[in-house]
Amino acid sequence: MMPAQVAAPDGVLLILALMLPSIGLLAIFVLGHSRPERIALPVLAANLAVALIVALQVGHSGQAATYRLGGWLPPLGITLRADGLSAALIAMAALILFVVAIYARGNFASKAGGSESRQPMVFWTLLLGLSTALNTVFLAQDLFSLFVALELLTFSAVPLVCLEGSRETLRAALRYLLFALAGSVLYLIGVALLYGAYGTLDIASLHQVTRADRATSIALGLMIAGLMAKAALFPLHLWLPPAHAGAPAPASAVLSALVVKAPFFLILRLWFDVAPQPQPVIAGTMLAALGAASILVCSVLALRQARLKLMVAYSTVAQVGYLFLVFPLVMGSEAAVPWASIGWTGGVLQLVSHAFAKASMFLAAGLIAEAMGHDRIDDLGGAAEAVPISIAAFALAGLSLMGLPPAGGFVAKVMLLTAAVVSANWWIAATILAGGLLAAGYVFRVIGRAFADPAGGAPPPKAVARSRELAVLSLAGVALLLGFLPLQPFAYLGIGQGGMP
Amino acid sequence: MTASGLLIASGLAVPLGMSLACFWPGVRERALGWIWAAPIPALLAALFARGGGIVMSPEPLRLTLALDDVGAMLLGGAALLWSAAGFYAATYLRGQPGTGRFAVWWLLTLAGSLGTFMVADMTSFYLAFSVASLSAYGLVSFETTARAKRAGDVYMALALLGEAFILLAFVILALGVPIGNPLIREAVAALPSSPLLAPALILLVLGFGLKMGLAPLHVWMPLAHPVAPMPASAALSGIIVKAGVIGLMRFLPLDAGLPGWGGGLVALGLFTAFYAVAVGITQQQVKTVLAYSTVSQMGVVAAVLGAGMAAGAPGTALLAAFYALHHLLVKGALFLGVGIVAGSAPRHRILIVLAMGVLALSLAGLPLTSGALAKYAAKPLFGDGLAAALATLSAVGSTLLMLHFLRLLREMPAADPDAAPEAGILLPWAIVALASLVMPWILFQPVAGYALADLFEAKALWTAIWPLLLGGVLAIALFRIGRALPQVPEGDVIVLAGTLWPLVQATGRQIETADRWLRQWPVASAMLIVIAISFALAL
Amino acid sequence: MSLLVDLVLVALILMAAVWTVLVRDRRDAVIAFIVLGLLLSLVWMRLYAVDVALTEAAVGGGATGLVLLRACARLLPVEAEGRLPGPGTQIAAGLLSAIAAAGLAAVVLSPPVPYPSLAALAAENIHQVGLGNPVTAVLLAYRSLDTLLEKVVLVLAVIGVWALTPDAFWGGAPGSLKSKHASGALDLLARVLPPFGIVVGIYLVWNGADHPGGTFQGGTVLAAMWLLMMMADLADPPEIRLKRLRRLVVFGPAVFIAAGFAGIFMSGWFLSYPPDYAKPIIVAVEAALALSIAVILGLLVAGPAAEPPKR
Amino acid sequence: MSVVLDAFTVITVTAGLVFFLAGTVGLLRFPDALTRLHALTKADNLGLGLIVLGLLPQCPDITSALKLIAIWVLVQFAGASASQLIAQFVRRNEPGP
Amino acid sequence: MSAPTLYGLCAAALVGIGLFGLILHPTPLRKVISFNLVGCGAFLFFGIAARRGAGAGFAGDPIPQALVITGIVVAFAATALAVALILRMLEAGASTVDAKPLPPDDLSP
Amino acid sequence: MPEFLYAAAALVLLLTGLGLMRMLWGPSPADRLMAAQLLGTGGGAIALLIAIASGTMAIIDIALTLALLAAFAAVALTLGEPGTKTRAGEGEQ
């Protein structure tokens with residue numbers, strides 16, 4: 001059973017992607033008494049390097065990198081695997097985490113020589129926890145390992161929500177935890193049923209054997225619903241707005257940009273790799289319908305929020321909705337395989353560009369709130385003078401959310417629209433466009449207020465560090481640059497799709 | 001990579017580069033004095049680089065610039081007006097706060113609007129179009145009054161709506177060609193045989209019509225054009241609306257001969273032409289009347305295009321462009337002139353008002369002016385039927401509206417009894433006015449294919465004059481009963497939409513209530529199970 | 001006849017479950033849940049999953065129960081019980097839950113034939129890891145990544161619980177666990193039981209390589225003994241700033257990760273063991289993990305710091 | 001031999017069952033908490049003791065037998081302490097019998 | 001009816017009962033307990049899979065058993081975290097009773 | 001022999017169940033404290049019976065753990081003691 005081949009070096013990198021942040025968080029726990037960021041930043045930088053090398057190698061070799069833990073073959077053992085999509089996503093996550101970490105030095109830097117304090121220690125360890133969790137979610141090929149990874153994610157995310165310790169954030173964190181746990185347990189039941197039906201939890205093995213029978217349907221139904229709860233898709237979004245709005249800005253940024261994407265990624269995996277083919281049209285339509293409802297309802301709600309961070313949080317729910325439009329689009333697509341279709345590419349691009357844009361937006365919102373001393377949208381007058389770079393970043397990120405050129409969100413939107421038209425899903429096309437208009441509404445509302453004259457009697461804005469502003473701008477810049485990727489479906493995202501390489 | 005190609009590219013690169021340079025505060029503060037120079041390369045390109053082109057990036061992006069006759073004609077006019085208006089702005093806005101910001105928006109709008117005339121591929125067109133229409137928001141809402149804010153909001157909302165229509169139309173168009181970013185003409189050539197022809201055409205007309213101000217999508221114009229600073233109004237009313245015109249020219253399958261669709265567009269255009277006159281004559285603000293006049297004229301342009309599409313007549317685009325060029329220069333000159341009149345004492349005004357009279361009546365087709373030339377050139381497209389009669393009658397309407405405008409202009413109160421117009425604003429106005437008189441004469445023959453002598457035939461002269469006379473008579477009647485006319489608010493039907501606002505608000509509140517209900521724990525967790533069960537059943 | 005045991009057991013479990021959900025007083029609910037946990041450990045026994053039964057007994061009867069009971073003790077005087085919503089909502093919720101349960105029951109009633117199983121595969125390979133207990137082989141060899149990540153989850157849970165410390169108390173000790181009423185019986189129990197318990201705990205860890213038992217079961221028993229001493233005021237909850245304490249928490253996972261990397265050099269794969277040394281390595285890792293688990297569970301029960309650190 | 005041992009097992013285990021039964025009847029019937037506690041601890045511990053005794057001959061090896069005895073001792077000790085704790089609790093929280 | 005089937009039905013019932021409590025209970029502690037009930041049901045599903053997969057000299061398939069052990073640990077950690085949150089919230093003075101939904105803007109910093 | 005032991009286990013289980021019900025019904029809180037106690041002994045007995053009946057000696061370890069933790073649970077239960085008396089001030093001695 002012990003395979004003859006030796007570990008390929010690229011595979012070892014996958015292990016590093018999981019282990020580096022874990023080791024980092026353990027190290028902070030024991031060593032980081034006074035300066036946790038001194039451990040966290042190098043670890044996140046190394047993590048970024050590892051992720052980029054993996055991404056480049058996958059692109060270079062044109063096939064997925066695989067690693068079998070302990071040398072055990074599935075179904076007995078667990079496999080890590082980086083196909084094009086996974087590689088792109090771990091690189092995305094690593095980059096965002098790194099930039100957020102640079103920004104967060106301003107929030108959670110500890111004083112030199114001082115004794116350990118709560119917020120920095122907790123923040124930096126949990127940030128590394130998130131990194132471990134996300135890398136595992138994107139790389140693991142085993143449904144139960146993915147369950148553990150989801151729990152890692154929840155356990156890292158929830159305390160970040162209530163880092164500040166106020167009543168409201170505690171309440172929000174509790175809600176988040178309970179609902180996420182409800183989602184987890186449904187997922188777990190699904191895993192149990194799948195094991196009972198097929199005797200394996202390896203995604204690649206399941207891909208070959210799943211049948212359209214009762215056990216499989218029920219298992220997938222439970223798993224998808226559970227994951228939706230964690231992705232905060234409407235109408236399961238009860239926890240997200242207070243949680244993401246209550247967390248400190250760097251935490252909100254990673255929560256909104258990355259954490260809600262992980263469950264979506266797993267739904268994608270379940271749908272394309274585990275669900276018996278062809279997937280029923282009605283189920284795909286249901287996913288898209290919930291996505292559409294998310295877009296429309298939560299965009300309107302974002303438009304009506306009085307607070308900037310709540311607005312951004314509702315916008316996250318709306319933007320996550322776009323991702324769910326992918327399912328019927330890919331099914332009715334022109335391409336023989338889903339990952340060659342424009343809908344698939346558009347969905348992934350939407351995921352990535354939203355991640356960068358939303359991270360930038362939350363960080364910008366944090367700086368704006370820091371400078372102005374509040375985040376009431378109506379009283380933001382003068383913000384454009386006080387923190388011009390943050391406002392610019394907010395606007396650029398907003399461009400991506402609105403789907404205006406040349407942002408990445410625009411290309412994604414065009415692809416999704418094209419796929420919707422090709423598959424004659426006009427209602428989806430209409431939703432995409434309407435969502436863009438509503439997004440424009442809430443983004444412009446903020447920008448417009450920011451350029452207004454400051455209200456009389458408002459305290460003068462505080463200065464914020466230029467380096468933090470530039471970090472925010474760089475994320476928005478990436479969201480913008482994504483718009484210059486070539487328009488065709490990227491071959492990269494199809495690497496390693498469809499069973500084994 | 002030819003010299004002409006580089007010249008065309010510089011037409012786009014220079015204004016963009018200047019706007020980027022405004023990142024430096026020092027540059028930004030001084031930019032207003034230099035914005036007149038931004039469109040110069042484009043002007044040169046229009047004059048010397050006709051027929052040239054350049055591919056700016058390789059496959060699969062294929063961002064392509066090309067300058068055909070239609071594009072060159074509009075580009076030249078637009079560049080001239082941009083430059084003149086920029087020069088005008090430097091004097092007009094001197095010493096006002098926020099000129100740096102103004103310059104940035106100006107340069108971006110300028111780059112986008114010039115871009116629409118030069119690009120040949122769909123993505124670039126969309127980019128240029130979006131940049132022009134979104135940056136114009138900065139010009140519309142430059143003044144910080146409540147009126148400007150409302151106008152800006154309405155403008156933005158409708159501009160985005162238009163973008164949405166256009167985007168969907170483009171997506172449909174691009175489907176017909178197997179490459180990611182097709183050239184416009186490739187995509188349009190494939191359109192008539194597409195099963196999605198109907199939605200594509202409807203979306204195109206909606207999207208570009210919104211920009212042009214075809215009724216009832218014109219509502220933003222009478223709000224937005226008057227509130228901008230004078231040079232910006234000139235650019236908005238003269239040039240930015242042409243982004244819609246060039247859009248229709250480029251994207252409608254004009255030579256495919258689609259009588260039904262063409263007829264529809266003619267009807268829409270003519271309706272707009274008359275409707276705008278009817279509303280325009282009730283207005284009491286000079287700039288608002290001009291804005292309605294733009295709406296009316298754009299209706300005529302749309303009708304020209306529609307007639308051409310119905311007949312499948314070659315050269316339609318060129319004729320429409322000729323008409324658009326005439327309107328571009330005249331309307332620009334009129335807006336700039338209004339600024340001069342407003343800023344000078346009555347005794348300094350006489351000459352200017354006189355010149356303005358000629359310009360204004362040019363829009364109605366005063367013989368020997370650009371208007372007469374444009375109308376004459378476009379006439380054959382309409383044939384002899386009802387449409388032709390209505391098109392001619394539209395000149396009556398224009399006369400009426402312009403006389404109303406002249407009367408308001410004459411009565412404009414002067415801010416300072418001794419103020420004389422400054423050279424800095426007089427000169428650019430004079431250049432544009434002159435250009436509007438001269439340029440069409442130069443272009444008439446190549447565009448229309450008639451000899452200039454034809455214009456002096458008695459029949460042609462009479463055809464141009466009788467609507468003016470009829471308009472004059474009606475105008476006298478109007479001035480008699482003028483005060484009794486109902487005062488239609490600016491933006492007319494938008495006010496009706498305003499009555500829907502409480503309904504929109506109520507819907508928003510209801511959604512909030514529903515959201516609050518859904519975010520209750522028992523409801524949300526029950527939903528979770530409902531979703532699980534539904535998916536189990538569906539899968 | 002053995003089915004009779006099963007029937008009675010199921011009936012009792014369902015009663016306890018219904019009781020847990022429906023009883024009004026939250027402390028009663030917790031007690032019913034503890035009872036349910038102990039009954040479930042009998043179920044695991046009946047399913048021949050002895051390792052699980054041990055875990056369930058240790059966790060369901062011990063750790064979870066203690067955590068919930070502590071919460072009750074602090075919640076009771078302060079907060080009123082919430083009321084269940086009205087009958088309409090109850091009926092709707094009941095209906096939904098019933099449909100969900102019915103769907104699951106339907107799956108149970110139609111198992112695939114032949115039933116899929118990895119038992120044969122696990123048996124085939126067990127000699128390579130030199131263990132007698134297949135469950136330990138799965139946890140520490142075949143699926144060791146899950147186990148490793150689960151340890152990270154535990155450390156994160158500790159951090160998460162500590163994150164709830166009020167800022168002023170950071171570094172201090174968790175609130176005292178001691179019973180409010182001094183009692184000779186408790187004192188005696190806390191002096192006599194721990195030696196027993198520690199022996200049992202170590203036995204379970206040691207035994208786990210070849211027989212049911214293992215790190216988690218043993219660790220839980222050890223933790224229970226530590227907590228018992230804290231409750232009887234024979235030991236103080238440790239200050240969370242102590243480096244010694246933190247090293248203990250990290251020790252097990254660190255050894256595990258180190259063994260994983262050593263595997264790359266020794267036998268080519270992360271978390272693989274050279275066949276000759278597999279068993280000693282695994283037992284060493286298990287021992288280290290058990291120690292950490294004991295500390296972690298104790299800390300999780302003790303909760304966030306509730307007093308400022310002593311200088 | 002085995003028959004004798006089996007018979008011993010059956011008899012002692014049955015006796016243990018009787019004590020369990022008695023304890024349960026006591027639990028069900030006795031009026032107040034302290035007497036119920038009494039019934040529980042005495043009957044159960046005795047019942048468990050008899051069952052352990054009865055099972056000893058059936059043990060395949062000596063380790064198991066020792067464990068069985070250890071369990072009984074443990075339950076005796078723990079039960080005694082726990083019931084004392086409960087009794088103290090009852091005294092604190094309930095009006096006397 | 002075989003024992004695994006019986007326990008499987010029991011697991012389904014546990015899940016149903018737990019879900020009922022999870023939906024309805026207004027206090028978070030009761031939700032946590034209900035979540036644990038559902039979790040027990042989920043673990044039992046693994047349990048019957050293990051028992052039904054008995055073979056090769058093992059009384060049960062060891063893989064699901066190992067998964068359950070991991071799952072129990074994770075569920076315990078979740079319970080501990082949730083309880084700590086509940087208690088901390090109580091100290092902060094917020095009512096933990098989940099009667100009303102969170103108003104959208106009661107997030108004063 | 002196993003049949004007899006299984007039957008005995010079922011009976012003990014039944015009796016334990018009855019006892020549990022009694023305790024859960026109350027009326028006094030102390031009754032509930034006894035529940036864990038009862039499961040320690042009853043559960044231990046059942047485990048032992050089944051261990052011998054099924055020949056799975058490992059189950060004895062379960063009985064061992066149950067016995068060990070039953071006392072622990074009883075202590076824990078007194079911790080979660082209800083009533084205002086303990087909270088209202090005279091608590092910490």
Close side-chain approach of A:Val414 to B:Tyr126, heavy-atom, < 4.5 Å: no

Donor-acceptor contact below 3.5 Å, side chain A:Ser217 vs main chain B:Leu539: yes

Under 4.5 Å from any heavy atom of chain A - which part of B:Leu196: side chain

Spacing of B:Glu163 atom CD and A:Leu437 atom CG [to the nearest 0.5 Å]: 9.5 Å

Between A:Ala225, A:Gly448, A:Pro276, the one whose heavy-atom pairs under 4.5 Å with chain B are most numerous: A:Ala225

Atom pair CG/CD of A:Leu238 and B:Gln520 - distance to nearest 0.5 Å: 10.0 Å

Minimum heavy-atom distance between A:Thr418 and B:Val171, given as atom pair plus value: CA-CG1, 3.3 Å

Structural part of A:Trp239 lying under 4.5 Å from a heavy atom of chain B: neither

Atom CZ of A:Arg214 with >12 non-hydrogen neighbours under 6.0 angstrom: no

Contacting moiety of B:Ser141, where chain A heavy atoms sit under 4.5 Å: neither

Value rounded to 0.5 Å, distance of CE in B:Met527 from CG in A:Leu233: 12.5 Å

Whether over 12 other heavy atoms sit under 6.0 Å from B:Arg150 CZ: no

Flag side-chain contact, heavy atom, 4.5 Å: A:Tyr314 against B:Asp515: yes

Partner chain B: residue of A:Leu404, A:Val297, A:Thr216, A:Ile224 with the largest heavy-atom pair count (under 4.5 Å): A:Leu404

Residue A:Glu385 excluded, over 12 heavy atoms near CD under 6.0 Å: no

Beyond-backbone contact of B:Ile531 with A:Pro235, side-chain heavy atoms, under 4.5 angstrom: yes

Segment of A:Leu220 engaging chain B (4.5 angstrom heavy-atom cut-off): both

Structural part of A:Ile432 lying under 4.5 Å from a heavy atom of chain B: neither

When B:Gly152, B:Ala164, B:Ser525 are compared by non-hydrogen pairs under 4.5 Å with chain A, the top option: B:Ala164

Side chain, backbone, both or neither of A:Leu222 within contact of chain B (heavy atoms, under 4.5 Å): both

Beyond-backbone contact of B:Leu167 with A:Lys413, side-chain heavy atoms, under 4.5 angstrom: yes

For the student: nearest non-hydrogen atoms of B:Ala524 and A:Leu236, plus distance: O-CD2, 3.6 Å

Part of A:Leu303 within contact of chain B (heavy atom distance under 4.5 Å): neither

Side chain, backbone, both or neither of B:Gln505 within contact of chain A (heavy atoms, under 4.5 Å): both

CZ-CZ distance between B:Arg519 and A:Arg175, expressed to the nearest 0.5 angstrom: 7.5 Å

Portion of B:Leu134 that has a non-hydrogen atom of chain A nearer than 4.5 angstrom: side chain

Over 12 non-hydrogen atoms of neighbours within 6.0 angstrom of CH2 in A:Trp427: yes

Leading residue by heavy atom contact count with chain B [cutoff under 4.5 Å; candidates A:Gly190, A:Ala429, A:Gly221, A:Ala430]: A:Gly221

Mutual orientation of the aromatic rings belonging to B:Trp521 and A:Phe179 [parallel < 30°, tilted 30-60°, perpendicular > 60°]: perpendicular

Non-hydrogen side-chain atoms of A:Met223 and B:Phe535 separated by less than 4.5 Å: no

Top contributor to chain B contacts, counting heavy-atom pairs under 4.5 Å, from A:Leu417, A:Leu186, A:Leu433, A:Ile218: A:Leu433

A:Ala212 versus chain B, the contacting section by heavy-atom distance below 4.5 Å: neither

Heavy-atom proximity to chain A below 4.5 Å, by part of B:Leu528: both

